[in-house]
Amino acid sequence: MMMWWWILIPVILVLGVFLYNGRNKQNRVQRENLMDILDNRFAKGEISKEDYEEQKRTLSSKN
């Protein structure tokens with residue numbers, strides 16, 4: 001019985017680390033994609049510099 005705890009606890013910890021890292025990676029990729037879209041819209045002239053700066057601050061504050 002005691003041996004199972006020595007196996008189960010490290011497995012749970014490793015699984016938790018992998019799940020946590022995967023979630024952070026998805027958030028980071030999504031934020032980069034949003035910044036790319038914002039940069040492209042500004043480069044095409046679809047939004048003004050003021051709008052660009054405001055939206056950029058908003059995206060960077062959503063860490």
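For clarity, every value in this text was computed on a predicted model and none was experimentally measured.
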Considering the options Ile47, Thr58, Asn33, which one meets the side-chain contact (heavy atoms from CB on, under 4.5 Å) requirement together with Leu38?
Ile47
Interatomic distance, CE@Met35 vs CD@Gln55, rounded to 0.5 Å, equals 10.0 Å
Which distance, rounded to the nearest 0.5 Å, do you find between the NZ of Lys56 and the OG of Ser61?
13.0 Å
Going by the rule salt bridge (charged side-chain N to carboxylate O under 4.0 Å, His left out), which residues pair with Glu53 if we only count those two or more places apart in sequence or in a different chain?
none
For a 4.5 angstrom cut-off between non-hydrogen side-chain atoms, does Phe42 reach Asp51?
no
Set of residues satisfying side-chain contact (heavy atoms from CB on, under 4.5 Å) with respect to Leu13, sequence neighbours excluded
Ile9
Would you say the side-chain atoms of Asn40 pair up with the backbone N or O of Asp36, donor to acceptor, closer than 3.5 Å?
yes
